[in-house]
Amino acid sequence: MAPSPTGPLHIGTARTSLYNYLFARHVGGTFVLRIEDTDLERSTADFERDILDNLHWLGLTWDEGPQHAGDEDIGSFGPYRQSLRFDRYAREADRLLQTGAAYHCWCTPEELDAVRREQETRKEAPRYNGRCLSLTDADRARFDAESRKPVIRLKVPPETVRFDDLIRGPVEFDNALLGDFVIVRSSGVPLYHFVVVIDDEQMEITHVIRGEDHISNTPKHIALIRALGYREPVFGHIPLILNPDRSKMSKRKSQTGMSEYRSEGYLPEAMVNFLAFLGWSPGTEEEIFSLEELAERFDIGQVHKAGAIFDRDRLDYLNGVYIRSLTDADLALRLRPFVPTGVDDTTLARLVPLLKERMVRLTDAGELSGFLAETDEVVASWWSTDDLLPKGREASEVSGALGVARDALAECTTWSEEPLESAARSAADALGWKAGDFFRPIRLAVTGKPVSPPLFGSMVLLGRDATLARLDGAIQRLRAAAPA
RNA sequence: GCCCCCAUCGUCUAGAGGCCUAGGACGCCACCCUUUCAAGGUGGAGAUCACCGGUUCGAAUCCGGUUGGGGGCGCCA
């Protein structure tokens, strides 16, 4: 896997990494991570950190590459950051120049642009016209005198290139359409197509698994491989992850940053399971798989050819499944960053069983547990007296009922779920109210919300004093609101 | 414009010539359970397998074409 640190870890990059990981683990191979930071302008250490961190978070471990931002690499083919390998690229560029497989080109961007436009009006494939191939020594001397810096282009032989794609089968491309592409910038910094090929050879990469958007780059890479006399790896191009409109998933139309999903409370297990099934299935009706199980079952040959839309509803569903499958202790640990700091560890541990069944994302815990962390005043501000009234009930009736409830609860000698519930139910019966109607204003008064964790469990966590105080507060507000 | 790739319910997918009156899951709807919301259970709607033509006794599955969609055509990766 060769991510470029020109942005945070993208969902698509994560899925490609996952497939590389699963393939390597499945066949007992070596998973290599290389940082493609030849674009010095746009690559940053922060992006690299984000990529490595989130890959680790997903549980994808690699055998070779930089382990953490700033760390030393592991593996014997390093360095694994391209910015540290420029001397190797320069050597290979010289070699190509020497053999005549590559040449200098002094054309300016303006000149190239003009050629491109001309080709377009003639309905031809836009490609370099090879002008600098036929330069005289005098021309070269003139450019040197002007101290113009040339780029290096590969002389692409006009031949049909074939390769057998792991996923798509035989793919054919006419390299005559390619033109002589640039492999080293005028600044001397080599370009992506050139460096991947060199690194892949030197790092003894046997399988290149990448997004479908690279499929038309592959002929360029093969041309380079041949010019350099390298061994050709096996290529596999996996389908793209799509926006809802079926275009390539992009920041503009979708949420693409892995860290955003992470901070929204998605579990790495759910994300991995979800991503794995975007373009692959084990061919059975099972759908819940751990990373290990996926590695065991994964078959690169069964990967789909068509792209798949990123479906948030399905991710949510899977996340809920994984949350419910966690032990209470584990869930409490993972919930820590998502609940208000006012909720201490003991309370959190007792809260977990109440929350577990009703969470889609870890962030839901914040909403569901807010009533424990906020003051009585704040919680009271979440509702209005109208919210308290079940259909067809007057404020005076409800304040009376709340009073009955308050007294019944206050009489409980032990403040735990069962006695509280039976006290409340008997009170409802005595008044002739349906339990549901009776509980609604109590729930609002105690938790501040019409939707909350189970009512009596919530009361236990809140404690006797606060519960009764909130009930008293609600009764007073209702009395004030009710016409005398 | 040129090149490449793709095509099964709204979505993710099962499907490798007869097991398909096309299966599962998400989402949606209804009902059950129920102190709210979820979760869970049951059931339902939802796909003329993009279209046309071939091959075959038989095609979602093989072949050809059409249409539609996507990707790539940088001194980005």
- Message: Could you identify the nucleotide paired to B:C20, looking across every strand shown and requiring Watson-Crick or G-U wobble geometry with both distances under 3.5 Å?
- Response: none
- Item | Mate of B:C62 where both pairing distances stay under 3.5 Å, Watson-Crick or G-U | B:G54
- Query: Rounding to the closest angstrom, what is the interatomic distance between B:U56 and B:U61 at atom P?
  - Reply: 16 Å
- Sticking with atom P, work out how far B:C57 lies from B:A50, rounded to a whole angstrom. 25 Å
- Query: Counting any heavy atom closer than 4.0 Å, what does A:E367 reach on the DNA or RNA strands: base, sugar-phosphate only, or nothing?
  - Reply: nothing
- Task: Name the nucleic acid region contacted by A:T6, choosing base, sugar-phosphate or nothing; use a 4.0 angstrom heavy-atom cut-off, strictly under.
- Result: nothing
- In whole angstrom, give me the gap between the P atoms of B:G10 and B:G72. 27 Å
- Message: Categorize A:R425 for me: base, sugar-phosphate, or nothing, with a 4.0 angstrom heavy-atom threshold over every strand shown.
- Response: base
- Tell me what A:P454 touches on the nucleic acid: a base, only sugar-phosphate, or nothing, going by heavy atoms under 4.0 Å. base
- Query: What interatomic distance, in whole Å, is found between P of B:A45 and the corresponding atom of B:G54?
  - Reply: 35 Å
- Query: Taking a pair as Watson-Crick or G-U wobble with both distances under 3.5 Å, which nucleotide is matched to B:A7?
  - Reply: B:U67
- Query: Reckon A:Y192 touches a base, only the sugar-phosphate, or nothing at all at heavy-atom distances under 4.0 Å?
  - Reply: base
- Message: Show me the pairs that pass side chain to side chain donor-acceptor pair (under 3.5 Å) and involve residues 316-325 of chain A, at least two apart or across chains.
- Response: A:Y266-A:D316, A:N273-A:Y322
- Message: Once you apply a heavy-atom cut-off of 4.0 Å, does A:H304 come out as touching a base, just sugar-phosphate, or nothing?
- Response: sugar-phosphate
- Bounds of contact between RNA chain B and chain A, in 5' to 3' order, using a heavy-atom cut-off under 4.0 Å: B:G1 to B:A77
- Which residues pass the salt bridge (charged side-chain N to carboxylate O under 4.0 Å, His left out) test with A:E296, sequence neighbours left out? none
- Determine the contact category for A:T38: base if any of its heavy atoms lies under 4.0 Å from a base atom, sugar-phosphate if only primed atoms, P, OP1 or OP2 are that close, otherwise nothing. sugar-phosphate
- Query: Charged N to carboxylate O below 4.0 Å: is that the case for A:D199 and A:R85?
  - Reply: yes
- Message: Categorize A:R440 for me: base, sugar-phosphate, or nothing, with a 4.0 angstrom heavy-atom threshold over every strand shown.
- Response: nothing
- Message: Over 60° means perpendicular and under 30° means parallel, so tell me whether A:F143 and A:W106 are parallel, tilted or perpendicular.
- Response: parallel
- When all nucleic acid strands are considered with a 4.0 Å heavy-atom cut-off, which category describes A:E286: base, sugar-phosphate, or nothing? nothing
- Message: Roughly how many Å apart are B:G27 and B:A39, using the P atom of each and rounding to a whole number?
- Response: 7 Å
- Message: At 4.0 Å (heavy atoms only), tell me whether A:L240 reaches a base, stays on the sugar-phosphate, or touches nothing.
- Response: sugar-phosphate
- Of A:V321 and A:Q119, the one whose closest RNA chain B nucleotide lies more 5': A:Q119
- Task: Measure the CD1-OG distance between A:I442 and A:S452 for me, rounded to the nearest 0.5 Å.
- Result: 11.5 Å
- Item | Upstream residue (5' side of RNA chain B) when A:G283 and A:P190 are each assigned their closest nucleotide | A:G283
- Please work out if A:V151 contacts a base, only the sugar-phosphate, or nothing of the nucleic acid, heavy-atom cut-off 4.0 Å. base
- Query: Taking the six-membered ring of A:W383 as reference, does the NZ or CZ atom of A:R443 fall below 6.0 Å from its centre and within a 45° cone about the axis?
  - Reply: no
- Query: Counting any heavy atom closer than 4.0 Å, what does A:L278 reach on the DNA or RNA strands: base, sugar-phosphate only, or nothing?
  - Reply: sugar-phosphate
- Task: Give A:R116 one of three labels, base, sugar-phosphate or nothing, depending on what nucleic acid heavy atoms sit under 4.0 Å from its own.
- Result: sugar-phosphate
- Pick the C1' atom in B:G44 and in B:C62, then give their distance to the nearest Å. 37 Å
- Centroid-to-centroid, A:F173 to A:F163, below 6.0 Å? no
- Task: Could you check whether the rings of A:F298 and A:W280 sit parallel, tilted or perpendicular, using 30° and 60° as the cut-offs?
- Result: tilted
- Between B:C26 and B:C9, how far is it from one C1' atom to the other, in whole Å? 12 Å
- Task: Provide the distance between the two C1' atoms, one in B:U13 and one in B:U8, to the nearest whole Å.
- Result: 9 Å
- Paired nucleotide for B:A30 [Watson-Crick or G-U wobble; both distances under 3.5 Å]: B:U42
- Specify whether A:H193 and A:H221 have parallel, tilted or perpendicular ring planes, treating 30° as the upper limit for parallel and 60° as the lower limit for perpendicular. tilted
- Message: What contact category does A:S452 fall into here, base, sugar-phosphate, or nothing, at under 4.0 angstrom with non-hydrogen atoms?
- Response: base
